[in-house]
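Since the structure comes first, as structure tokens, the remarks are kept for the end.
First the proteins, then the strands, lettered A, B, ... as listed; each starts at 1.
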Protein chains: 2
Amino acid sequence: MGHNGRRRIPEATVARLPLYYRSLIDCNERDLATVSSDQLAELAGVNAAKVRKDLSYLGSYGTRGVGYDVEYLLHEISRELGLTQDWPCVIVGAGNLGAALANYRGFGARGFRIVGLVDDASDKVGQTVGELTVEPMHTLANMVNERSISIGIIATPASAAQPVADALISAGIRSVLNFAPAVISVPPNVSVRKVDLATELQILSFYQLRGLTSGPALVVDRPA
Amino acid sequence: MGHNGRRRIPEATVARLPLYYRSLIDCNERDLATVSSDQLAELAGVNAAKVRKDLSYLGSYGTRGVGYDVEYLLHEISRELGLTQDWPCVIVGAGNLGAALANYRGFGARGFRIVGLVDDASDKVGQTVGELTVEPMHTLANMVNERSISIGIIATPASAAQPVADALISAGIRSVLNFAPAVISVPPNVSVRKVDLATELQILSFYQLRGLTSGPALVVDRPA
DNA sequence: GCCTGTGAACCTTTTCACAGCA
DNA sequence: TGCTGTGAAAAGGTTCACAGGC
């Protein structure tokens, strides 16, 4: 089984694990017992060498000549990603985006439940969004504590992003998903991921402008 | 001025240009005439060496001992990103997410106007969302043509993503932003960027689980 | 024969460090 | 002196290609 055991998993690999996870769920629903790196690659939209390399960082979970046991690999990846446990989330900002996120049934369901929705605008506080009621900012620290919230989602305008981040962090949050189009500064023990719609569109426009394509874009193979 | 002239801009650099763009807008609003790579780095949340390298791919637009002229650099980056022109977009999927995106005033405004909202559900068609009316799928090809749409935004459930992508592409779209949690296959002359909330949360959960932080996360420097 | 696991080659990206110009 | 522009070094990520077990 080579040197394997406890090597540090590269960031690029971590970023692809959710992709494999989703692909394996697919396999499972189609009652496949095993998958090859080729099949998994196709489902995940990457190439087979990458799949094998990535999975090898987790351990030697495949069988030569056969492939990977779907259930088993699914279990291992879930464990690595922490999807066997619950991650209560709070959304700050109950505007269009915040409300949509609160209602969104696409959080891979597993684990990431929205348990709080916060906004400071007095016309928002008290409103109902799905099963949540909008609560005022000053309740944040208590909320995080009482509901064991571990992830904060920023869905405010850019100008509010930094103060909101500060508030989340001083409430004890150490993982932040930022939808506001602004860079936020955080201490080194806090993770931030950002999702920026304008940025994505601008990248598309760059390539469209030149008749080029972004990425390997080798995600081909459709007949037509 | 070195070898510069028409070197190909690396993808990693392209992905950061929107960040610089936004930072420069900030500078402009604060009436700064010039900005150094250090300042720009701080605003964009990257390091100064990267800023200089990135900007050097565009040309030698800085002045040694001084920095970069804000207006001028802003103009150059706008041009590179194609923000001097209009990019009409269509959103497919008028659920929570699609509706939120249609209303979202955070597309960096410039250029990316949503000019169509499409959904196939008969209870959605005809509804009004902001200033848009939901139109049925079969109007897509005409719409793309008549309104010169260049970017398609997929905001459907995962199961619809591939057929919707196919429809967009056969309508002539060559840039796709995919919010559905599914991999879509496209021919090599089409760009796809994806935004996946579940993926982002799972990456956060991976690092939180281990008490680690993703990325360089050196975006520090806040007093406290 | 089939498919994994993995060194080694290769390519991209980041960082360093400093020459060169204002 | 200050800050850019850029070769060169280092790090990180991807792909190749094949040994090795099923």
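The B:Ser37 side chain lies nearest to D:dT4 when the options are D:dG5, D:dC16, D:dT4. The nucleotide whose nearest atom lies closest to any side-chain atom of B:Arg64 is, among D:dT14, D:dG5, C:dT6, D:dG5. When the nucleotides D:dT14, D:dG5, C:dC16 are ranked by their closest atom to the side chain of A:Ala12, D:dT14 comes out on top.
A donor N or O paired with an acceptor N or O is found under 3.5 Å between the base of D:dG5 and the side-chain atoms of B:Arg52.
Between the P atom of C:dC11 and the CZ atom of B:Arg8 lies a distance of 15 Å, rounded to the nearest Å. Atom-to-atom, OH of A:Tyr68 to P of C:dC3 comes out at 12 Å; the value is rounded to the nearest Å. Nucleotide C:dT6 holds its P atom 19 Å from the NZ atom of A:Lys50, rounded to whole Å. Rounded to whole Å, the distance from CG on B:Leu73 to P on D:dC3 is 16 Å. For A:Tyr57 and D:dG12, the OH to P distance is 11 Å, given to the nearest whole Å. With rounding to whole Å, B:Lys53 atom NZ is found 16 Å from D:dC3 atom C1'. Atom P of nucleotide D:dG13 and atom CG of A:Asp54 are separated by 11 Å, given to the nearest angstrom. Following rounding to the nearest Å, A:Asp69 (CG) and D:dC22 (P) show an atom-to-atom distance of 16 Å.
For the side-chain contact (heavy atoms from CB on, under 4.5 Å) with B:Val46, the lone residue among B:Leu40, B:Val51, B:Asp54 that qualifies is B:Val51. Of the options A:Arg193, A:Arg16, A:Arg22, a salt bridge (Lys or Arg N to Asp or Glu O under 4.0 Å) to B:Asp196 is made by A:Arg22 and by none of the others.
Nearest heavy-atom pair across A:Arg52 and A:Ser37 is NH1-OG, 3.1 Å. The minimum heavy-atom distance linking B:Ser150 with A:Gln208 is given by the pair O-OE1, 3.3 Å.
Backbone-only contact: A:Asn47 has heavy atoms under 4.0 Å from sugar-phosphate atoms and none from a base.
Both A:Arg16 and A:Thr63 lie close to DNA chain D; mapped to their nearest nucleotides by heavy-atom distance, the more 5′-ward contact belongs to A:Arg16.
Aromatic ring pairs are classed by plane angle as parallel below 30°, tilted from 30° to 60° and perpendicular above 60°; the pair B:Trp87 and B:Phe112 is parallel.
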